[in-house]
Amino acid sequence: MKIVVCIKQVPDTTEIKINPATGTLIRDGVPSIMNPDDKGGLEMALRLKEQYNAHVTVITMGPPQAEAILREAFAMGVDRAILLTDRKFAGADTLATSNALAGALRRIDHDLIIAGRQAIDGDTAQVGPQMAEHLKLPQVSYVTDLKYDGKKYFTIKKETEEGYQILEVEGTCVLTVLASANQARYMSVAGIMTAFDREMEIWSADMIDVEEVKLGLSGSPTRVKKSFTKAQKGAGQVFEVDAEEAVGIITSKLKEKFII
Amino acid sequence: MDFSLTKQEELFMQMIRSFAENEVKPLAADIDDQERFPMETVEKMAKIGLMGIPVPVEYGGQGGTNQIYSMAVEELSRVCGTTGVIVSAHTSLCVAPILENGTEEQKMKYLPKLASGEWIGAFGLTEPNAGTDAAMQQTTAVDAGDKWILNGSKIFITNAGYAHVYIVMAMTDKSLGTKGISAFIVEKGMKGFSFGKKEKKMGIRGSATCELIFENCEVPKENLLGTLGKGFGIAMKTLDGGRIGIAAQALGIAQGAMDETIKYTKERKQFGKAIAAFQNTQFQMADLETKVQAARLLVRSAAFKKDSGLPYSADAAMCKLFAAETAMEVTTKAVQFHGGYGYTREYPIERMMRDAKITEIYEGTSEVQRMVIAAKLFK
């Protein structure tokens with residue numbers, strides 16, 4: 001089984017600050033990390049490697065410094081790593097990104113494609129599903145568990161707003177995975193010692209079969225009109241009362257505000 | 001001269017800090033309180049290779065450096081001194097002497113299981129009447145044809161009971177003094193080998209410290225480590241390496257105390273402002289930070305020399321002496337900065353102060369380190 005995992009380097013948002021004047025992220029000095037949902041997806045692939053001897057490739061699109069997460073992936077145990085990097089990819093929105101990644105994926109043997117649900121810097125959750133559409137593959141999003149029968153079928157647990165669904169999938173598909181699916185492994189010391197000796201493939205826009213107008217800024221219909229920091233909500237008030245009394249409190253509050 | 005970390009070291013730091021923060025720190029107060037050996041942490045460390053860092057890949061190790069190993073001990077000790085010494089005693093005092101002195105058969109037999117963490121290692125030199133004066137060994141080993149018969153006892157042995165493999169020093173010829181001491185590889189379960197009293201300690205309370213008892217203990221002939229009569233030299237050289245590990249432990253404890261104190265003094269307000277805003281705090285903390293950095297450079301330099309195959313005996317003594325005394329000073333002052341709260345177990349700082357003290361004592365007291373350094377000066 002050949003698995004490709006799409007990963008992204010993101011700023012560690014637990015350490016990020018917002019510039020109050022411009023409302024934009026202050027990225028200076030903020031460490032970069034492998035996106036947590038992607039790491040969950042990578043762990044899922046590495047477990048299939050351990051159980052079924054799957055071959056795991058990771059691919060990322062980003063600037064040259066995105067190499068760091070590919071080295072990390074080597075130290076966690078992947079077999080192959082590809083960095084998709086080119087100035088022509090710059091300024092890509094989710095559509096242009098998914099076009100580029102789908103173009104690269106067409107060139108890589110795969111039985112399963114895994115991506116993180118969403119990246120913590122953009123939170124769109126669009127790239128995985130868009131890739132599946134470009135590749136005309138079935139997709140399951142919000143995956144929290146995966147079992148393989150060793151032959152043909154994947155049994156997949158998918159989170160929904162109400163609970164979860166169990167799906168059985170046959171054949172090649174795209175999954176988008178949640179970080180909470182598993183606890184991703186730590187890099188091993190031996191993996192770290194050899195991570196920089198491994199061959200990391202660098203692919204440019206010329207190496208994928210996608211029209212240039214579909215890439216980077218020119219392939220990106222999304223325009224950011226304005227970005228702003230959400231105003232902080234005040235602390236809520238907690239009433240520990242029974243249901244009937246609670247209804248009374250809520251209706252009186254709503255009336256107070258002329259909502260009802 | 002380049003003081004920056006290599007790419008591997010940077011990546012390792014990223015991993016070990018996250019491991020220490022998520023897996024080790026949450027247990028530190030509990031294993032201290034319960035005096036409990038954190039076997040679950042050892043298993044987690046084994047999984048990612050922390051029990052065999054400086055062991056070559058052909059012996060089942062990670063192919064890492066002593067520099068990376070000392071960084072591991074530092075970062076583990078930054079959140080838990082107990083966890084740091086478990087790795088240090090295992091690696092420096094058991095794995096290293098087998099790697100450096102063992103026959104090919106001994107290396108193939110012991111190193112893969114030790115480096116993978118399936119087995120834990122320990123080292124026995126100290127006896128009730130042979131501490132700093134290690135030449136006063138009373139444990140004996142008698143040649144009984146196809147085996148050695150050991151009699152005697154060893155005290156204050158780190159990892160004892162949990163360890164499977166013990167490097168034990170014993171007199172094979174009392175008339176020759178230090179030249180009559182030999183080193184042996186003793187396995188848990190060998191006939192006549194048992195464990196005595198478990199010590200109740202001031203600090204590093206989660207680490208196992210126990211007595212080893214040999215009563216006509218039968219050790220196979222092939223378990224002599226190195227040549228007959230060279231045990232004292234093996235022990236001294238082993239301790240040279242061990243001192244880098246303990247220095248790294250002390251450094252980690254000192255850094256951990258700095259971390260806690262910076263956080264606390266920024267939060268704690270008195271007289272209307274954070275106590276970090278008082279110049280007394282700032283000046284004292286600046287001095288402590290300088291000493292911690294100096295200790296770090298000494299540790300890195302000693303590890304560099306060991307990795308480069310250069311003589312490092314005095315360097316190891318200096319880094320251990322300075323890091324241990326720095327750890328004691330930093331943790332003592334850190335408790336003072338925390339005031340009454342620092343004296344309680346609500347905060348980790350009193351534990352760090354208790355843990356720091358042992359670094360001035362074991363694997364050679366600070367006085368022994370001064371002897372080693374002076375011996376190089378006046379040779």
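Naming: A, B, ... by sequence-line order, numbering from 1 per chain. For clarity, every value in this text was computed on a predicted model and none was experimentally measured.
Nearest heavy atom pair, residue B:Q62 against residue A:M193, reads O-CG, 3.6 Å.
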Practice problem: Evaluate side-chain contact (heavy atoms from CB on, under 4.5 Å) for A:V189 paired with B:I48, printing each intermediate quantity in order. | Solution: CA-CA 6 Å; A:V189 182; B:I48 55 176; 5.6 Å; no
**Report entry** Residue pair B:T6, A:F196: steps toward the side-chain contact (heavy atoms from CB on, under 4.5 Å) verdict
**Finding:** CA-CA 11 Å; B:T6 65; A:F196 295 90; over 6 Å; no
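With a 6.0 Å radius and a threshold of 12 heavy atoms from other residues, nucleotides or ligands, A:Y164 has its OH atom at or below the threshold. Heavy atoms of other residues, nucleotides or ligands lying less than 6.0 angstrom from CG of A:D123 number more than 12. The neighbour count for B:K305 NZ, taken as heavy atoms of other residues, nucleotides or ligands under 6.0 Å away, does not exceed 12.
Residue contact with chain A, scored on non-hydrogen atoms closer than 4.5 Å, is absent for B:I16.
Across B:K44, B:E23, B:K47, B:M45, a single residue satisfies side-chain contact (heavy atoms from CB on, under 4.5 Å) together with A:Y186, and that is B:E23.
Using a 4.5 Å heavy-atom threshold, the side chains of B:E9 and A:I192 count as separate. Side chains of B:Q14 and A:M187 form a contact here, defined as non-hydrogen atoms less than 4.5 Å apart.
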